[in-house]
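For the numbers below, each heavy atom of this structure counts, side chains included, while hydrogens, waters and symmetry mates do not. The structure displayed is predicted, hence computed values, not measured ones.
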Protein chains: 2
Amino acid sequence: MRPQKVNDEELLISLTKVFRERGYEGTSIKELSDLTGLKKASLYHRFPNGKQEMAASVLEYIGKWVADNIFHAFTNEADTYKTRLKNGMFQIRKLYEGGKNPCILKALSTQNGMELFHQSISKGMKEWVAAFINLGLSMEFTKQMAEEKAIQTLIDIQGSLILSKTLDNATIFESTLKKIENRYS
Amino acid sequence: MRPQKVNDEELLISLTKVFRERGYEGTSIKELSDLTGLKKASLYHRFPNGKQEMAASVLEYIGKWVADNIFHAFTNEADTYKTRLKNGMFQIRKLYEGGKNPCILKALSTQNGMELFHQSISKGMKEWVAAFINLGLSMEFTKQMAEEKAIQTLIDIQGSLILSKTLDNATIFESTLKKIENRYS
DNA sequence: GTCTATAGCTAGATAGAC
DNA sequence: GTCTATCTAGCTATAGAC
């Protein structure tokens with residue numbers, strides 16, 4: 001077997017970039033081929049089920065990245081609450097590159113032919129909510145308060161990403177993150 | 001000339017439904033033809049510049065609807081502040097059908113080939129912000145507070161629409177609207 | 001103004017050589 | 001595992017009859 005031109009992680013990172021910016025229908029295999037440096041047939045070799053598998057793999061990859069980096073930072077018992085929060089928020093900034101990157105869950109939530117990815121997107125969003133609920137509970141919020149704050153935090157993240165993008169104003173995302181930090185301090 | 005099968009407003013309403021759910025790239029002329037009841041060639045007769053003009057017309061139509069119904073309600077000097085707020089929020093519920101409809105600005109904000117609609121989307125979003133700033137100013141908020149609350153209100157609307165959709169939970173949108181009402185009461 | 005028919009193209013996907 | 005070449009379906013868009 002010939003060696004891989006790009007390894008799995010590099011490949012998934014490139015695929016993520018395109019799907020995140022273009023959405024599912026807006027992404028063409030040709031564009032994925034150009035950005036990854038792999039010819040179309042090679043992409044189909046890596047993902048035998050085609051475009052759907054490519055997008056599904058991106059969702060899986062990002063889901064794992066978020067769990068390993070963001071959620072893990074929030075629950076790392078070696079750190080103080082303050083440090084956990086700080087580290088987690090740092091990784092959130094990284095994920096969205098300070099508001100420049102759209103959320104992949106949002107980007108793939110609109111596509112044709114019924115709900116190709118609805119289940120994984122719903123699962124991913126629930127994991128985000130659960131992570132912030134746990135963060136709130138560890139700060140001795142009541143269960144109800146922890147739930148309310150978690151939902152509002154996700155609203156803030158998603159909404160501020162959209163406003164930052166449509167208004168070309170990254171400070172909206174940044175000040176929203178600060179507000180979230182205050183909510184959990 | 002033969003009579004129109006569907007008038008301009010009916011036509012735009014149907015086009016809106018598809019673009020809002022599918023996005024620009026996800027929408028096919030065939031699907032627009034099926035839903036409107038007009039054959040493809042007839043759609044091109046109504047919109048000589050094709051799909052781009054169809055989507056641009058949808059943005060224009062919704063922009064006008066929002067100005068005439070929502071923003072107008074907020075500034076209707078015949079009403080008390082309380083009534084203005086109540087009427088405006090009622091129209092917002094109607095626009096998004098209680099959280100079931102995606103925002104057309106969001107739906108069209110992701111598309112190929114550079115920024116086809118970025119300018120109108122940005123303009124539309126700025127009008128929303130300005131409307132809530134004015135609402136705040138009319139309630140004697142300071143300029144800074146009015147701006148902050150307006151931005152947060154738009155974040156809340158956009159974010160809660162996304163969460164309602166991805167989590168299949170319309171109550172998120174509804175309780176967010178209640179929260180906004182409290183913010184301006 | 002609406003329609004049938006079709007042009008021209010590009011999309012996603014596959015076959016088979018290396 | 002990657003590649004060139006190709007298939008087929010579906011897309012946007014147009015021509016021309018009524």
Side-chain angles (χ1 to χ4, degrees), chain A residues 1-59 61 107-108 110-117, chain B residues 1-59 61 107-108 110-117:
Chain A
M1 306 183 184
R2 290 170 61 171
Q4 289 185 333
K5 267 182 80 169
V6 294
N7 67 35
D8 286 351
E9 179 154 24
E10 292 167 336
L11 185 50
L12 286 166
I13 289 174
S14 296
L15 298 185
T16 300
K17 283 182 189 167
V18 183
F19 280 117
R20 204 169 46 194
E21 296 290 338
R22 304 296 199 187
Y24 185 73
E25 313 280 352
T27 295
S28 71
I29 308 290
K30 165 125 180 40
E31 199 171 0
L32 296 174
S33 167
D34 290 344
L35 190 72
T36 60
L38 284 181
K39 297 297 175 187
K40 291 202 281 178
S42 304
L43 283 175
Y44 278 92
H45 176 79
R46 299 287 203 95
F47 303 96
N49 291 323
K51 192 177 175 181
Q52 284 197 24
E53 187 182 352
M54 298 178 208
S57 302
V58 161
L59 282 176
Y61 170 68
L108 291 179
T110 294
Q111 79 286 313
N112 253 331
M114 299 312 290
E115 343 205 306
L116 270 180
F117 309 114
Chain B
M1 305 186 185
R2 290 169 60 173
Q4 289 184 332
K5 268 182 80 169
V6 293
N7 67 35
D8 285 351
E9 180 154 22
E10 292 168 336
L11 185 50
L12 285 165
I13 289 174
S14 296
L15 298 185
T16 301
K17 283 182 188 167
V18 183
F19 280 116
R20 205 170 44 194
E21 295 290 338
R22 304 296 197 186
Y24 184 73
E25 314 278 352
T27 295
S28 71
I29 308 291
K30 165 125 181 39
E31 198 170 0
L32 295 174
S33 167
D34 289 345
L35 191 73
T36 59
L38 283 182
K39 296 298 176 187
K40 292 200 279 178
S42 304
L43 282 175
Y44 279 92
H45 177 78
R46 298 287 201 95
F47 304 94
N49 290 323
K51 192 177 174 182
Q52 284 197 25
E53 187 181 353
M54 298 178 206
S57 301
V58 161
L59 281 176
Y61 169 70
L108 292 179
T110 293
Q111 79 286 315
N112 255 331
M114 299 311 289
E115 342 207 303
L116 272 178
F117 309 113

Quiz item: Reckon B:Ser33 touches a base, only the sugar-phosphate, or nothing at all at heavy-atom distances under 4.0 Å?
Solution: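 No contact.
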Quiz item: Within the structure shown, what part of the strands sits under 4.0 Å from B:Thr27 by heavy-atom distance: base, sugar-phosphate, or nothing?
Solution: sugar-phosphate
Expressed as a whole number of angstroms, how long is the span from [X]:[atom1] to [N]:[atom2]?
{"X": "B:Lys40", "N": "D:dA15", "atom1": "NZ", "atom2": "P", "result": "15 Å"}
{"X": "B:Lys51", "N": "D:dT12", "atom1": "NZ", "atom2": "C1'", "result": "8 Å"}
{"X": "B:Tyr44", "N": "C:dA7", "atom1": "OH", "atom2": "P", "result": "17 Å"}
{"X": "A:Lys30", "N": "C:dT10", "atom1": "NZ", "atom2": "C1'", "result": "11 Å"}
{"X": "A:Ile29", "N": "D:dG10", "atom1": "CD1", "atom2": "P", "result": "16 Å"}
{"X": "A:Arg2", "N": "C:dA17", "atom1": "CZ", "atom2": "C1'", "result": "11 Å"}
{"X": "B:Gln111", "N": "D:dT12", "atom1": "CD", "atom2": "C1'", "result": "17 Å"}
{"X": "A:Arg22", "N": "C:dA11", "atom1": "CZ", "atom2": "P", "result": "12 Å"}

Any idea which of [options] is nearest the [X] side chain?
{"X": "B:Lys39", "options": "D:dG1, D:dC3, C:dC3", "answer": "C:dC3"}
{"X": "A:Ala41", "options": "C:dG12, C:dA15, C:dT4", "answer": "C:dA15"}
{"X": "B:Leu38", "options": "D:dC11, C:dT2, D:dT2", "answer": "C:dT2"}
{"X": "A:His45", "options": "D:dT14, D:dT2, C:dA13", "answer": "D:dT2"}

Could you pull out every donor-acceptor pair under 3.5 Å between side chains of residues 35-46 of chain B and any protein atom, sequence neighbours left out?
residue	atom	partner	partner atom	Å
B:Thr36	OG1	B:Leu32	O	2.7
B:Thr36	OG1	B:Ser33	O	3.4
B:Thr36	OG1	B:Leu38	N	3.2
B:Arg46	NH1	B:Asp8	OD1	3.2
B:Arg46	NH2	B:Val6	O	2.4

Quiz item: Quick one: NZ on B:Lys51 to OH on B:Tyr24, what's the gap to the nearest 0.5 Å?
Solution: 5.5 Å
Quiz prompt | Distance, nearest 0.5 Å, that separates CG of B:Leu108 from CD of B:Glu25 | solution = 10.0 Å
Quiz prompt | Toward the 5' end of DNA chain C, by each residue's nearest nucleotide, A:Gly50 or B:Arg46 | solution = B:Arg46
Exercise. Kindly say if B:Ser42 contacts the phosphate of C:dG1, meaning a side-chain N or O under 4.0 Å from OP1 or OP2.
Key: no
Quiz item: When you check the side-chain N and O atoms of A:Glu9 and A:Tyr61, is any donor under 3.5 Å from an acceptor?
Solution: yes
Quiz prompt | Min side-chain heavy-atom separation B:Val58-B:Arg20 under 4.5 Å | solution =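 They are not in contact (no side-chain heavy atoms under 4.5 Å apart), so the answer is no.
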